[in-house]
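First comes the structure, then the notes that go with it.
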Amino acid sequence: MLWSVDSLMSQKPLFVEAPSSHLYCPTCSDILSDPVISVACGHTFCRACLCNSDGTVKVTNCPVDQTFIQNGTTVDNRAILSQIQDLRIYCRNGMKRLNSRNDTVVVQNGCPEVLSIASAATHVCQFDDIECPNSPICGKFKKGELADHLSYTCCFVSCPNKGCSHHGTLADIRQHQTTCPFFMSQLNSSINTQTNSDETITTLFKKIGDLEQSRAVMEQSLTEQRNLIQTLERKLKLLEGEVQSNQKRLDVASVNRQRPRTSSTNRGQKLSLSASFESHLWSREAWHLPFEFKCIGTLRGHQGAVHSLAIHRDKLYSGGSDCVIKVWNLLGLSKGCVQELRGHTKQVVALVAGQIYLYSAALDKTIRCWNYETPDTDVKIIKNAHDEDICALIMAGSNLFSSSKSEVKIWKADTLEFLKAISGLHHWVRALALDPHEENLYCGSHNTVTVWDATSQFSMKKKMDHLFGSVFSLAVSNTYLFVGTEKKGIVIFHVTSHQLLKTLEPLKGCVVQLMLSPDMNYLVSSHSDSTVEIYHLENFLSIQVLSRHYGSVNCLAVKSSKGLLCSGSDDQEIKIFTYFPLTTHSAYGIHI
């Protein structure tokens, strides 16, 4: 049986060593039970000796020194309680008293355990006397001997078959079960139960089969619906192309109908002017309002998020979490990926397209230089280019700049020879940008943008402190410095005076990348809320939001001669948008 501490103390346990005198209550002269200390005098008593059941004191004067004791001046004496719980005692089945003088004797074949008062409460003694559970006639046994009694000597074991009243030893019952008249009824009941279970299992398996068949039908229907959607998308693109072509013809016809009659010389001059104006309007090197970008294709193939894009001639290069750089032909998007460049062992975070080489940086801390013509054989590698993860990569003239934690390194672009390290920058340098003349290098980190000479000396020109948090992207025009932040949107400074001009905050997520249009009149930003937004820099108003991705848009690239805008995202896709001018007409047949 299990003993509580209170029950142990009430039975006056036998101590291995006599307790200290200060562990006895001065009132009842027994070992302290639930000890409390009087704040007034400092003496310790049993709670029951000093207080009533409601907590009020029933002894107004200390029995030791007669100090007056008030209500509410008693607290638990945990130190004394801990000492009492550590007192060592004999198990009551191992040592017993002979008389009132506390003479003791060891119990023959008794419990040899010596316990602390705290552990005695959970002590299960195998020497406790218990009765046979089958019949009181068997008498009492030590708890440790009961198992042998039940197995070999007890004559009152019952037959397990329902309805049978036969009793005997365990061996007799085993022999009796072979001829027990109630055995078959018990067996039939078990068989019926097993049969019902088998029928239930069969029914469940049938339901599972029906569900599997339904799932297969639904998957086939889903595949058919996807194919139908793809077919409709292709038809929609063809129809959009036809609409654009017909609109152009209508525009030309409208101009011809409304043009006044003139001499052949004047007519030739007007035709020349009109053609020149229209050519300027439709030029894709410069974006002219009104216009819009439309998605004309999706490139799929990466097995992870797309983190970097670069364009060289008619090829688009993309790098991502799958450690692969994929090559796409912008003149034949339907062909899919035309080449793969492998070598990085971790996420490719940055790509830079030079005239002769493609440069890549990854979280494996390496920078690679690939020859466009022979990328499989002509590769230069810098291992451990930085001690920490590389964040950004940019090229200015004959130099290559890479950034990491608190550091920017400069390399010779054609040989990847190390030139210089700019250290001591504030925290992670996540963004790099160049001014339009490639004379100044802008580095963005937490609450700081620094400006460096990008030509030869690589000395610091300006340090701009702000309170907009970490800088994730930068862009620089002849007039403005654009800073993309994690939570404060796009912050705009004057590029010369560095004065804060405006903050664009219609965003829900981090500004991951910033990019200027070819004519620097428009700003394109990608965000972690899966959108791309285009701003007109004349009035800093948003003119279009592209929402074709389903994850953070991590990178952007522009093919100006083709009017293409490319974006890569966490959804493992690359979207291709094309520039469409929206033309209107005046009463004189001129595009406005």
Side-chain angles (χ1 to χ4, degrees), residues 299-313 315-330 336-396 399-419 421 428-432 472-473 512-513 526 551-557 566-574:
L299 304 180
R300 299 183 179 93
H302 279 287
Q303 300 303 309
V306 181
H307 288 279
S308 51
L309 292 174
I311 295 177
H312 177 70
R313 296 180 181 174
K315 298 290 181 62
L316 172 66
Y317 298 82
S318 61
S321 298
D322 55 4
C323 313
V324 179
I325 300 173
K326 290 184 177 289
V327 187
W328 316 82
N329 188 347
L330 293 175
C337 178
V338 297
Q339 191 177 12
E340 290 185 349
L341 308 181
R342 296 180 178 270
H344 285 296
T345 58
K346 289 187 178 180
Q347 172 181 309
V348 181
V349 296
L351 292 173
V352 174
Q355 292 297 323
I356 302 175
Y357 300 105
L358 173 73
Y359 302 90
S360 61
L363 295 185
D364 57 11
K365 302 177 183 178
T366 66
I367 298 175
R368 288 176 173 256
C369 173
W370 315 77
N371 189 307
Y372 291 117
E373 302 300 326
T374 56
D376 294 329
T377 57
D378 191 359
V379 182
K380 299 181 180 68
I381 307 172
I382 305 175
K383 294 183 179 180
N384 297 316
H386 287 268
D387 295 332
E388 302 286 348
D389 293 341
I390 300 174
C391 298
L393 196 67
I394 198 169
M395 186 176 180
N399 298 322
L400 188 69
F401 299 83
S402 60
S403 68
S404 181
K405 185 177 182 179
S406 307
E407 184 181 59
V408 172
K409 287 189 176 181
I410 306 154
W411 317 83
K412 196 172 181 180
D414 56 348
T415 62
L416 295 185
E417 176 187 354
F418 175 73
L419 297 179
W428 288 96
V429 184
R430 292 188 173 92
L432 298 175
F472 280 76
S473 51
V512 184
Q513 185 166 355
S526 69
S552 173
V553 184
N554 303 318
C555 48
L556 299 168
C566 309
S567 60
S569 169
D570 277 352
D571 60 12
Q572 305 181 15
E573 294 181 349
I574 302 169

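Quick caveat: nothing in here was measured; it's all calculated off a predicted structure.
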Atom pair SG/CD of C323 and E340 - distance to nearest 0.5 Å: 12.0 Å
Checking the side chain of Q513 only, and the main-chain atoms of L556 only, is there a donor and an acceptor separated by less than 3.5 Å? yes
For L432 versus L393, what's the shortest heavy-atom pair and its separation? CD1-N, 4.3 Å
Looking only at heavy atoms, which two atoms of H344 and A362 are closest? And how far apart? ND1-CB, 3.3 Å
Show the nearest heavy-atom pair for residues C555 and S526, with the distance to one decimal. N-OG, 4.4 Å
Step by step, would you call K365 with H386 a side-chain contact (heavy atoms from CB on, under 4.5 Å)? CA-CA 6 Å; K365 302 177 183 178; H386 287 268; 5.6 Å; no
Under 4.5 Å between any side-chain heavy atoms of L341 and L358, yes or no? yes
Hey, does W370 have a side-chain heavy atom less than 4.5 Å from the side chain of V379? yes
Using every non-hydrogen atom in the two residues, find where I311 and A353 come nearest and quote the distance to one decimal. O-CB, 3.4 Å
Check whether any side-chain N or O of Y372 sits under 3.5 Å from a backbone N or O of G354 as a donor-acceptor pair, and report yes or no. yes
Checking K380 side chain against L416 main chain: does a donor-acceptor pair fall under 3.5 Å? no
Once rounded to the nearest 0.5 Å, what's the spacing between atom NZ of K405 and atom SG of C391? 10.5 Å
So does T345 get a backbone contact from the side chain of D364, meaning a donor-acceptor N/O pair under 3.5 Å? yes
So, do H307 and D570 sit near enough that their side-chain heavy atoms are less than 4.5 Å apart? yes
Nearest 0.5 angstrom please: D571 CG to H302 NE2, how far? 11.5 Å
Between CG on residue L351 and CD1 on residue I325, distance to nearest 0.5 Å: 5.0 Å
Apply the test side-chain contact (heavy atoms from CB on, under 4.5 Å) to residues Q339 and D376: give CA-CA distance (whole Å), side-chain angles for both, the deciding distance (0.1 Å), then the verdict. CA-CA 10 Å; Q339 191 177 12; D376 294 329; 4.1 Å; yes
Test item: D387 and S404 side chains (from C-beta on) under 4.5 Å apart, heavy atoms: no
Would you check if C337 and W328 make a side-chain contact, meaning some heavy-atom pair closer than 4.5 Å? yes
With a 3.5 Å distance limit and no angle check, can you tell me whether S552 reaches the backbone of N554 through a side-chain donor-acceptor pair? no
Enter the distance from M395:CE to L400:CG here, rounded to the nearest 0.5 Å. 7.0 Å
Output the distance between atom CG (N399) and atom CH2 (W411), rounded to the nearest 0.5 Å. 12.5 Å
So do the side chains of L299 and V306 get within less than 4.5 Å of each other, counting heavy atoms only? no
Do L309 and L316 come within less than 4.5 Å of each other through their side chains, counting heavy atoms only? yes
What are the two closest heavy atoms between V324 and R342, and how far apart are they? CG2-NH1, 3.2 Å
Side chain Y357, main chain A413, donor-acceptor under 3.5 Å: no
Quick check: do F418 and I382 have side-chain heavy atoms less than 4.5 Å from each other? no
